[in-house]
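What follows is a short report on a single structure.
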Amino acid sequence: MAETKETALMEKVVSLCKRRGFVFQSSEIYGGINGFWDYGPLGAELKRNVKELWWTTMTRLREDVAGLEATIIMHPQIWKASGHVDTFSDPMSDCLLTRKRFRSDQIDPQSGIAYHYSGAKDPSSGVECNDPYAVLLPAGKPPESARRTATQFYLQRGLQSVELLGERTEKVENSQRFNPDNGSLLTEPRPFNLMFKTYIGPVADESNVAYLRPETAQAIFAQFKNVAETSRQKVPFGIAQVGKAFRNEVTPRNFTFRSREFEQMELEFFIKPDEAIEAIHGSVATPSGPGHPGEPQANWGWQLWHQYWVEERIRFYEGIGLPRTTLEEYWQKPEELAHYARACVDILFKFPFGTQELEGIAARSDFDLSQHQRCSGKPMSVFDEELKMAWPKLAPEKQAAISEGYFTHRQRYLTKTGETPEKAERTAREDAANLAKGYYVPHVIEPSAGVDRLILALLTNAFTEEESVDEKGRKEIRTVLRFHPRVAPVKVGIFPLLKNKPDLVARAIEVRDMLRPHFNVFHDEAGSIGRRYARQDEAGTPFGVTIDFDTLGEKPELLNTVTVRHRDDGKQERVPMSELLAWLQARIR
RNA sequence: GCGGGCGUAGCUUAGUGGUAAAGCUCCAGCCUUCCAAGCUGGUCAUGAGGGUUCGAUUCCCUUCGCCCGCUCCA
């Protein structure tokens, strides 16, 4: 079965992660703690490489992205504004029969006759189940229907046949305790807070509640104005951040894939509203087809920016060794989108346990900044010189059309937030008037990636096993992690051919010290050379450098050269020590 | 949160109501002129807590963790 094979692969990866020091269970000596994982020596290097590559790609190699590193605990109002407090702390009830889950406060109130049971008995075996249960029937329905449902419930509890006990009825008005679909009793409403809660200061009471951030993004929005001013960036530009986030997941699963403490790499890329683009450039450029749209252009609308970032991110993944064939793009359907999102593309990776999300690239309109503007009372709009200059040159009917479009968009947003129609209309009119003066709240494209799931993707993608037969005819399995050199935790293994020849060891240490400032290298002199190669293969080290007697001049023409061995095919070549650093740099970049 | 399975060294497995075994790995020494060679020695385990028992890794209970399915996933 494909599934058991995949599970076996996953188990091998997990086992290797522990054996070689990529990932350990958090707090293992105390029995572990569900949903938390530590990175060991190799994992820490791997993760550091991935985050650095992301940071370099997203900020240093670009003109238009600035960095930020914000705190994990922020003002609790941030999570009010973002919507996390409300959507994360709903009381939930489960149907006792079907296990379907409901928001307790959103259940259509039900009225009718409730049939209560104190339990049930299996008349053949005498076994009893004393779990109380109830079914709500609309007035006029025969009691048989309730008994059938209740019988089903007790059958699920392990009774072979069911004799209901203690039936009594009760008139019920507007109750949210029953499943509207089948009348079954629900569990007591249980709070379902997916944010980790803490208290600021020594006294733990409700006045000083704070939350560990469930995403890094909100800090970017909250600091938008500060960054915009200090970075001397102008829209379109982005703010990038890498950092820990925390979610009290219902079910942490699949090794590190869904953890309760995890790390995100998020970019919020702020763009002009399409109305501003239209005013400045006369029209809004939209995608002409699939694929990368090329270098950003001033007249791009949000759709092109969105597509641009999807393609940029896929290129990034390809660049660190995830082949295009292991990735999938999933365009969320309109009904799956969060209410504020205009579009969202998930970049999925084919994990052994299924094709799962690595990153989501959402076009979030101006929702986030608008929320913070509204909740903090601080303006989040920017001034756009180009827009101000362009506006007066527009034909009056064009001005009116753009204004009206912007007004409608703002009004729709404000209405959704619960503003009164009058206030929504008035504020939206003001916003439209400000647009004409060059002011707007930027829209945003959000590529948001999970570091830990990317690490897991890199690990499962790199994992290969090669079966071979040694000279004594024994079958052996060599495990090789075929990491892209860019992410490999150790770049170079350095080996004196023999341990008991001081000259070889001394030269090896010389090579190690020469390379050490540039890469993570590992000197190993223990065991046969083949064993040392194999050990590094398992760690994913792309290059091995061996110092042998020719390095010392046994063959004069090979003096001061070393053997470089390639991890993936075992091929070797001879490289002069003087060129070694450049040789390696060219292949690791 | 619900249901099922599992838990013995770093890994893979053995075994027993009475001293917990092996292979691989790892470490040390010797040896070794390019792919897990050999020799010698060594470290390391019954997930945790409780109960039954003279004695529990084994039986029972609880708990924690892992895996699978359901549920959830802003």
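In the text below, chain A, chain B and the rest are named by the order of the sequence lines, each starting its count at 1. What you see is a predicted model; the values in this text were computed from it and never measured.
For B/rC35, the base has no donor-acceptor partner in the side chain of A/Arg531 [N/O atoms by modelled type, under 3.5 angstrom]. For B/rC64, the base has no donor-acceptor partner in the side chain of A/Tyr30 [N/O atoms by modelled type, under 3.5 angstrom]. With hydrogens and angles left out, the side chain of A/Arg565 and the base of B/rC35 share a donor-acceptor pair within 3.5 Å.
In this structure, A/Asn500 reaches the B/rU32 phosphate: one of its side-chain N or O atoms is under 4.0 Å from OP1 or OP2. The phosphate of B/rC34 (OP1 or OP2) has no side-chain N or O of A/Thr563 nearer than 4.0 angstrom. Note on A/Asn254: a side-chain N or O is less than 4.0 Å away from OP1 or OP2 of B/rC68. Proximity of A/Lys499 to the phosphate of B/rG29: a side-chain N or O atom is located under 4.0 Å from OP1 or OP2.
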Note to self: Walk me through whether A/His84 and A/Leu194 qualify under side-chain contact (heavy atoms from CB on, under 4.5 Å).
What the structure shows: CA-CA 9 Å; A/His84 286 86; A/Leu194 294 192; over 6 Å; no
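For the P atom pair drawn from B/rG38 and B/rC24, the interatomic distance equals 8 Å after rounding to whole Å. Between B/rU43 and B/rG29, the distance separating the two C1' atoms is 15 Å to the nearest Å. Look at the C1' atom in both B/rA9 and B/rA21: the space between them is 11 Å, to the nearest Å. Comparing B/rC59 with B/rG41, their P atoms are spaced 36 Å from each other, to the whole Å. The same atom, P, is picked in B/rC44 and in B/rG10; the two are 10 Å apart, to the nearest Å. Nucleotides B/rU58 and B/rU16 are separated by 7 Å at their C1' atoms, to the nearest Å.
At the heavy-atom level, A/Phe255 lies under 4.0 Å from the strands shown only through sugar-phosphate atoms. Residue contacts shown for A/Phe36 are absent, as no nucleic acid heavy atom lies under 4.0 Å away. Within 4.0 Å (heavy atoms only), A/Glu554 reaches at least one base atom of the nucleic acid. At a threshold of 4.0 angstrom between heavy atoms, the contacts of A/Thr546 include nucleobase atoms, whether or not backbone atoms are also involved.
Comparing atom distances between the A/Glu538 side chain and each of B/rC11, B/rA37, B/rA36 picks out B/rA36 as nearest. Considering only side-chain atoms of A/Asn34, the nucleotide from B/rC35, B/rC11, B/rC66 that sits closest is B/rC66. For A/Arg19, the listed nucleotide lying nearest its side chain is B/rC11; candidates were B/rC66, B/rC11, B/rC70.
Under the Watson-Crick and G-U wobble criteria, each requiring two contacts below 3.5 Å, nucleotide B/rA56 is left unpaired. B/rU12 and B/rA22 make up a base pair, with Watson-Crick or G-U wobble contacts both under 3.5 Å. Here B/rA36 sits opposite no nucleotide as a Watson-Crick or G-U wobble pair (both hydrogen-bonding atom distances under 3.5 Å).
Using a cut-off of 4.0 Å between Lys/Arg side-chain N and Asp/Glu carboxylate O, A/Asp524 and A/Arg531 are scored as not salt-bridged.
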Using a cutoff of under 3.5 Å, can you pull out all pairs of nitrogen or oxygen atoms linking the protein to nucleotides 42-46 of chain B, with atom names and distances?
none

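Atom CD of A/Glu28 is separated from atom P of B/rA48 by 12 Å (rounded to the nearest Å). In this structure, A/Asp569 atom CG and B/rC35 atom C1' are separated by 12 Å, rounded to whole Å. Whole-Å rounding puts the A/Glu467 CD to B/rC35 P distance at 20 Å.
Checked against the 6.0 Å centroid threshold, A/Phe349 and A/Tyr317 do not count as a close aromatic pair. Checked against the 6.0 Å centroid threshold, A/His443 and A/Phe270 do not count as a close aromatic pair.
Relative orientation of the A/Trp305 and A/Phe269 rings is tilted, given thresholds of 30° and 60° on the angle between their planes.
Side-chain contact annotation: A/Thr546 with A/Tyr533, donor-acceptor N/O pair under 3.5 Å present.
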